[in-house]
2 protein chains.
Amino acid sequence: MSDGPTITTIAQRAGVSIASVSRVLNGLPTKAETERRVMSAARELGYVPNSVARSLKSRRSNQLGFAMADIGNPVYLAMIREIQPVFKAAGYRLVLHSTNVDAADEIDVLRGLGERYIDGLIMIPLRVTDEHLKTFASARAPIVIIGTVPDGTHVDNVRADSRRGVRLAVEHLHGLGRRRIGFVNGPLDTVPGAHRSAGYAEALQALGLPYDRDLVEVGDFYRADGGRATARLLERAPDLDALLCANDLIALGALDVLRRERRRVPEDVAVVGMDDTDLATLAWPPLTSVSLGSAERGRAAAELLLDRLRHGERPPRVVTVEPRLVTRASTMGEETP
Amino acid sequence: MSDGPTITTIAQRAGVSIASVSRVLNGLPTKAETERRVMSAARELGYVPNSVARSLKSRRSNQLGFAMADIGNPVYLAMIREIQPVFKAAGYRLVLHSTNVDAADEIDVLRGLGERYIDGLIMIPLRVTDEHLKTFASARAPIVIIGTVPDGTHVDNVRADSRRGVRLAVEHLHGLGRRRIGFVNGPLDTVPGAHRSAGYAEALQALGLPYDRDLVEVGDFYRADGGRATARLLERAPDLDALLCANDLIALGALDVLRRERRRVPEDVAVVGMDDTDLATLAWPPLTSVSLGSAERGRAAAELLLDRLRHGERPPRVVTVEPRLVTRASTMGEETP
DNA sequence: TCCGAAATTGTAAACGTTTACAGAAAGTAC
DNA sequence: GTACTTTCTGTAAACGTTTACAATTTCGGA
């Protein structure tokens, strides 16, 4: 654990200058004899180049960041699983930031770009404040945002069309003959919460169904909250025959409560989740869920970031991933692959 | 995205030397007037200190690494969730390495310690080779290994007592009157695979049950493999009345197959998983599982690492986390909290 | 007003690399 | 052997900090 050898150590042992050592190690042309001596000195000393010094000189850290609210959320996990190998293949390490659903924390991470320890960042802000927008603009390194930002924001952006996703779900339920479709949403001041809310209203209207406030309940994006919200909803609207949940975790909470209340799924109440995480296949009954393409969004974000790093200035891009309904037993009574 | 200001820029604008700027920014004693001018120059310029330069000087990167086989595994996820906040609170960033179950990749990460981009590392090697042991010894920064290493290895180590964990499970099943207890294990050349295998044999012997090779099957540590292995087992030993699975993913695969084969759980076959991940509560029926304290192990590892960073040389420690059986409907027919 | 001590500041070196530039060595052609 | 070109090497500066040390300023007391 003593201080490791540096190019100076190698230079001394090989009897050459540090410049020559550096050139040999970087594969620049050198006399065969010099190369031989440097290489063997390096090997004998167990030399490993100091990446910090290298970064200082090259102004590149070879690290990229990923910032999300909470690593526990399977959606983010699915993204990391896509992002990590893409970064790795491009020679970047992954620095993870969990911001605990804290906007100030997010701003900190953005500011941190100035510290130059990462060359770029993928971020999923739950809420997008003015402060966020300002910081995007003045950021000192490329950023890709996953999640819809206001049109015209000067930043690479990957979006899920969750409004359309909600529509797919509502149409599916309507097609199955359900008319009293409850909706358990997440907080309305979050980006996904707001979009899903809008999508729900739109879908009802398109289908000619009335918007009944008693059929809508809001909680947090977690299982326990989902359960509590569902319980409230069942009390207010005992006649509901379907439940659309703003994500899979909420849907699991809903399933817990429906089971406790002895309502059969899907016979009495059909349930649809969103995100189509691994949880959907684990739930019982397996959960029909709207895939918002988490994996694709992760990959797209990683590739946008790498592209931006390679090609510098170019107008920001917006990639929208199309939603897809994956039907399973929680609405169809029988699993379809 | 232009080059940001440095202390030199600030020094010019404030009309002082870079040393003074540095002192002000680090809170060393300075004349009030100087401090005022430096601070306002820094604020106006939007100065953010360059952490790479700082690291070069201080020889500390303020980053710590976590290396595991595959981020998708919920056990590792549970660990990350504990590790990340502990690191963050201590002022360290988290660098994630997913080694794809590849020993060479793991060695690479260990070698990477020499690059000095992390000040320490927590690693979960699936297999511990001689190469690993050699690299532990010559590592240029502190390491904590999660997973049992040979006694006497000079490295901080956090262990789960999975042998005892397996015993708990077998005794539980035996106590329920099951006598034909199948065992779906992971690869025997992995650390957990080997220990679980030993534990299974021990437990049978302690209970006076015969070891029947037909009751043991090996696959990989994933859901699909678990399913396939279970199918093979059912064919060879159709009379088995219990199934012990080496982790929860395998157990989920087993539940899939048992359902397909119309065997009731737990009436016909009682099923036990290991690791007690979130999956256990999601499965249907909810899965009895042996908790190997993933969260505790993660936290313990993080604290060992921080302690080592703070106190330098001290004999390596071994922390062993006790297993705990969490019974649920897959063995008891009814959930107990 | 001056002296010495204390407080503050500036200069310069260092951390470990990469790289522009100039100088040395080697090779070529006569 | 000389002159010229080509190839290789070493010196030194730079990246953005921190910090030892010396130089300067400030201040209290006479």
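Numbered from 1 within each chain, the chains take letters A, B, ... in sequence-line order.
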key: Criterion salt bridge (charged side-chain N to carboxylate O under 4.0 Å, His left out) on Glu44(A) and Arg13(A), from CA distance to verdict   = CA-CA 10 Å; Glu44(A) 288 163 23; Arg13(A) 177 181 276 238; 2.2 Å; yes

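With the nearest nucleotide of DNA chain C identified for both Lys57(B) and Thr34(B), Thr34(B) has the one nearer the 5' end. Mapping Ser17(B) and Leu56(B) onto DNA chain C via the closest heavy atom, the residue that lands nearer the 5' end is Ser17(B).
Residue Arg59(A) is classed as a sugar-phosphate contact, given heavy-atom separations below 4.0 Å to backbone atoms only. Across all strands, Thr30(B) comes closer than 4.0 Å only to sugar-phosphate atoms, never to a base (heavy-atom distances). As judged by a 4.0 angstrom heavy-atom cut-off over every strand, Thr6(A) is placed among residues touching the sugar-phosphate backbone only. Counting non-hydrogen atoms under 4.0 angstrom, Val16(B) reaches the backbone sugars and phosphates but no base. Across all strands, Lys31(A) comes closer than 4.0 Å only to sugar-phosphate atoms, never to a base (heavy-atom distances).
In the helix from dT1(C)-dA30(D) to dC30(C)-dG1(D), the rotation axis of the first five pairs and that of the last five pairs differ in direction by 50°, rounded to 10 degrees.
Look at Glu33(A) and Arg36(A) and you find a salt bridge, because one of the NZ, NE, NH1 or NH2 atoms lies within 4.0 Å of a carboxylate O, short of that distance.
For Thr153(B), the side-chain contact (heavy atoms from CB on, under 4.5 Å) partners two or more places apart in sequence, or in a different chain, are Leu133(B), Phe136(B), Val149(B), Pro150(B), Val155(B).
With Leu121(A) as the fixed residue, the side-chain contact (heavy atoms from CB on, under 4.5 Å) test singles out one of Ile145(A), Leu305(A), Leu110(A): Leu110(A).
Of the N and O atoms on the side chains of Thr129(B) and His132(B), at least one donor lies less than 3.5 Å from an acceptor on the other residue.
In this structure, the side chain of Asp119(B) does not engage the main chain of Leu64(B) through any donor-acceptor pair within 3.5 Å. Looking only at distances, no side-chain donor or acceptor of Arg54(B) sits under 3.5 Å from a matching main-chain atom of Arg59(B). A donor-acceptor pair under 3.5 Å is formed between the side chain of Ser51(A) and the backbone N or O of Glu115(B).
Of all nucleotides in DNA chain D, those with any atom nearer than 4.0 Å to a heavy atom of chain A start and finish, going 5' to 3', at dC8(D) to dG16(D).
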